[in-house]
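Below: one structure, written as structure tokens.
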Amino acid sequence: MKNESRVIGRRVSRIDATEKVTGSFKYPSDLTMPGLLHAVVLRSPHGHAEIEEIESSAAESLEGVIKVFTAKDVSQELFGEIVKDTPIFAREKVRYYGEPVACVLADSEDVARNAIKKIKVKYKTLPEVFDPSEAMKEEAPLIHDNYPGNIAVEKKAERGDVEKAFAECAVIEKDTFTLPYVHQVPLEPNGCIAFVDERGQLNLYTPNQSPAWLRSRLAELFNLDLFQVRVIQIQGGGGFGGKCPLTIEQICVALALDIKRPVRLVNNREEDFYATWGRVPMKIELELGADKSGKLLAKRSRVIADNGAYSNIAPGVLSTALTRIDSLYRLKNVENIGWLVYTNKIPTGMFRGFGNPQITFTVETLIDRLAARLNIDPGEMRKRNAPCAGDVSVHGWNLKSCGLTECIAICMEESNWNWKGPGKMEKGKKVYRGQGLACCIHVAGNRGVYPSFDGSAAEVRIGPDGGVKVLSGEGEIGCGANTTFAQIAAEILGVEMERIQVPEVDSCYSPFGLGAYASRVTAIGGNAVKNAAENALEQLKEEAACLMGLNKEEIIYEEGRFKSGDKTLTFEEVCREGCYSKGGTTIVGKGTYIPQDVTIADKETLYGNISPSYSFGAQLVDLEIDVETGKVKILDFLAVQDLGRVLNPLGAEGQLEGGVIMGIGYALSEELVLGEKGEVINPRYRDYKIPLAIDSPQVRVKFVETNDPVGPFGAKSVGEPALVPTAPAIANAIFNAVGIKVNSLPITPEKMKMELQKKIRELEEKE
Amino acid sequence: MQIKLSINGQKKNVEINPGDTLLKAIRRLGLTGTKEGCGEGECGACTVLLDGLPINSCLYLAFNAQGKDILTIEGLKGKNGLHPVQKAFVEEGAIQCGYCTPGMVLISKALIDRNPHPTEEEIRNSLSGNLCRCTGYVKIVNAVKRVAEGGKRNEK
């Protein structure tokens with residue numbers, strides 16, 4: 001135990017903090033190289049139109065322009081994760097405003113930006129459809145010929161007997177919810193550099209969150225051998241899911257393969273709204289029932305998910321929306337049906353939570369309405385339904401650890417929780433206060449991306465200098481994974497953090513890892529690093545034993561020293577002698593981790609234990625509503641997370657604090673507004689409102705440590721779940737303050753004021 | 001055209017086009033610590049100090065910066081190591097992806113120089129032209145508070 005707390009659990013500063021705070025850290029948009037060419041994409045000015053002619057000679061004749069690329073110049077393969085429907089450049093027609101139509105390659109970005117204005121494209125506009133419910137109708141324009149009804153995917157997840165269970169319910173609540181299109185808006189827009197070297201190998205520098213996945217997708221799209229593709233991850237300025245799917249890399253690579261010179265493609269802020277795809281908007285019809293004790297008996301959901309014009313990763317997001325919330329409580333009867341529908345809008349993709357924020361909003365708000373009708377405290381009601389460690393959920397999730405009840409209890413204890421039912425408005429009252437609580441469950445990995453695999457490999461390499469290098473294929477996107485990996489290795493090896501380096505992911509030397517999505521890196525990648533460090537330590541013990549002329553079993557290692565009786569060798573001595581006695585070789589500790597009982601969810605039923613562990617959280621908000629302005633002011637916010645074990649409080653708190661504030665943006669201010677052609681009306685920070693420092697509360701964070709039996713040192717996930725319960729907690733607090741049922745996000749002051757005025761009119765009519 | 005800029009205490013001759021922003025000129029010199037997040041003066045990632053005052057270098061013409069002292073993030077660290085604001089950011093965990101960090105550090109330094117003991121509201125007001133999408137501002141505010149309180153650690 002004394003060893004366990006040496007580095008793990010300590011407030012450790014990020015290993016890249018000094019570089020970042022001095023400005024020396026190089027981000028993707030800082031990279032350059034000799035002979036670099038610059039690519040700028042021409043995007044469609046229509047939501048749906050046939051391309052009749054592209055005339056690019058005027059652009060090509062500009063000084064500094066190397067070449068103009070259109071669909072005919074690049075691979076004809078389509079890409080997409082489950083549904084392959086996306087061309088690199090639009091072919092016969094464009095399907096959304098902003099779709100890549102052509103690309104100029106030039107000596108400088110200024111020249112390229114100027115040149116795209118000279119390309120003349122003749123379009124014949126087609127009828128557009130933007131609302132997924134409309135798009136499903138027979139008379140709607142067809143966006144892809146081979147997808148009737150514009151339905152890309154239809155899925156179901158049904159368990160138990162829902163009819164019977166609803167019949168047994170004492171109360172049933174039903175409503176329809178609309179969840180908006182929100183964008184990650186990372187501070188650094190997406191960008192990459194690609195080049196083909198003299199041996200014909202493709203090289204790509206990218207902030208992509210999943211270098212290995214990206215590599216295989218590119219090899220497939222361009223028909224290259226996997227070994228011919230080298231991907232080097234450069235930590236970017238924020239990801240949040242937006243930099244996981246293939247969105248711009250395929251364009252950069254197509255150009256580089258053709259021109260055989262280095263190509264740089266970096267979005268500006270406006271382009272990033274079109275080229276990095278946000279959270280899947282959903283319309284969710286939800287029905288939830290409970291018995292009179294508050295026990296949840298049945299759930300029925302109908303999810304219409306807006307795919308946008310191409311499928312990308314949204315099919316997986318739909319599966320999550322159909323299932324994830326059902327394992328948060330001991331629900332046994334569920335009937336979920338969902339459709340992923342094409343519209344003439346920017347494609348949608350993955351964004352922190354992956355379908356979970358949308359569905360959690362609906363269930364968590366309906367629970368409060370049920371609680372109000374039953375006159376049960378919503379915190380108590382949630383506790384009554386909370387699962388325990390050892391439970392197998394309705395979709396087969398094996399909950400090896402679960403601290404949900406404790407999370408809820410801490411929220412209630414540490415916040416002057418005083419719930420007295422939904423609020424009522426009074427004449428003349430200008431300010432109302434309310435409290436709201438909401439919970440969440442999330443995965444730590446989600447098997448199904450690579451059909452046969454959701455594991456990770458790592459190497460801990462120790463040279464004669466005593467330096468330790470931790471190699472993992474998971475990568476760092478800003479969350480602090482590399483610091484966590486360094487801590488894990490330092491803990492196992494009993495060495496100081498300064499001795500450890502974690503190089504960037506480079507497919508040239510990094511072991512395999514799937515990358516930063518599904519909140520998997522610490523739990524899965526961390527286990528691989530831990531195993532690799534343990535393996536390296538065993539090898540060092542063998543070396544020490546050899547040097548001392550003893551058996552390995554006789555060696556004790558503590559505090560950086562190998563001991564046996566009165567013989568002692570330091571860590572450095574063993575590294576030096578151990579390596580040099582074998583010709584200067586490096587000690588390579590190898591570790592792998594493949595979650596043992598994890599399966600791919602069944603394609604038809606979505607049943608299966610998809611993750612090695614599951615995180616739980618509860619959040620409680622205390623807020624104030626100003627009747628005159630409609631403004632919601634957060635007075636206090638408490639986030640409590642069961643993340644198994646806190647490996648680094650600085651990092652874990654940071655994830656929760658940042659997640660909550662991002663969740664407040666989702667709840668109160670953020671929405672991508674589209675115009676009549678599907679153009680983004682607000683593609684800039686001025687109009688797309690993420691929370692500012694002055695809007696944001698000083699979030700309080702607490703942890704429940706359930707010491708998960710599977711995770712490294714007991715750790716589970718924290719990145720995504722941090723924002724999942726935030727919006728419903730706020731909606732519940734509004735319900736608690738003024739009795740208004742929030743059915744759509746964001747709850748802007750305008751929307752809030754309209755609802756408040758409606759209530760006031762009702763009040764006056766009653767009199 | 002060529003202009004003379006004084007950046008981090010050094011005189012530099014810089015080749016620019018007349019309309020080039022200070023951000024562009026600085027980055028062309030290899031000082032890439034100053035970031036472009038929006039290019040429209042809305043995110044603060046490009047913050048530099050001009051005669052001690054924070055500006056968005058993406059909105060400022062390089063030409064007009066002649067004769068002024070420009071401080072970029074690269075010039076903040078002194079001979080004795082990190083500036084107290086930098087040190088507080090590192091130790092409080094105020095950095096995640098770090099893309100906003102150079103701007104946040106400089107805007108915080110400008111605040112502390114002007115008002116050595118700001119209240120939380122003054123800190124938050126001062127940081128509100130600088131966006132962060134990762135941290136939720138909590139630890140950034142804590143870091144600035146810590147400097148204002150003379151470097152005490154906000155240990156939980």
Do [X] and [Y] get their side chains close enough for a donor-acceptor pair, meaning under 3.5 Å?
| X | Y | result |
| --- | --- | --- |
| A/Asp272 | A/Asn267 | yes |
| A/Asn648 | A/Thr483 | no |
| B/Thr72 | B/Glu74 | yes |
| A/Gln619 | A/Thr726 | yes |
| A/Tyr685 | A/Arg269 | yes |

Derivation and outcome, salt bridge (Lys or Arg N to Asp or Glu O under 4.0 Å), residues B/Arg114 and B/Glu122: CA-CA 11 Å; B/Arg114 191 173 73 240; B/Glu122 285 169 336; over 6 Å; no
At a heavy-atom distance under 4.5 Å, which candidate from [options] has the highest pair count against chain A?
| options | value |
| --- | --- |
| B/Gly33, B/Cys97, B/Gly136, B/Ser126 | B/Cys97 |
| B/Asn125, B/Ile73, B/Leu82 | B/Ile73 |
| B/Lys77, B/Lys87, B/Glu40 | B/Glu40 |
| B/Gly93, B/Ala94, B/Ala45, B/Cys38 | B/Cys38 |
| B/Val105, B/Val90, B/Val85, B/Ile123 | B/Val90 |

Got more than 12 heavy atoms from elsewhere within 6.0 Å of CD, B/Gln2? yes
Got more than 12 heavy atoms from elsewhere within 6.0 Å of NZ, A/Lys26?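 Result for NZ/A/Lys26: enclosed.
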Side chain / backbone / both / neither for [X] at chain B, heavy atoms under 4.5 Å:
| X | value |
| --- | --- |
| A/Pro189 | side chain |
| A/Asp695 | neither |
| A/Gln184 | backbone |
| A/Gln235 | side chain |
| A/Ser29 | both |
| A/Asn268 | neither |

Using non-hydrogen atoms only, which part of [X] is less than 4.5 Å away from chain A: side chain, backbone, both, or neither?
| X | result |
| --- | --- |
| B/Glu36 | backbone |
| B/Tyr99 | both |
| B/Ser128 | both |

Which one, [options], leads in non-hydrogen pairs under 4.5 Å with chain B?
| options | value |
| --- | --- |
| A/Thr32, A/Val185, A/Thr18, A/Val660 | A/Val185 |
| A/Ile477, A/Val21, A/Ile661 | A/Val21 |
| A/Gln655, A/Glu270, A/Glu188 | A/Glu188 |

Out of the candidates B/Leu61, B/Leu50, B/Asn64, only one should pair with B/Leu22 under the side-chain contact (heavy atoms from CB on, under 4.5 Å) rule; please name it.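 Single pass found, and it is B/Leu50.
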salt_bridge(A/Glu670, A/Arg279) N-O dist < 4.0 Å: no
Short N-O contact, A/Lys20 and A/Glu476, less than 4.0 angstrom: no
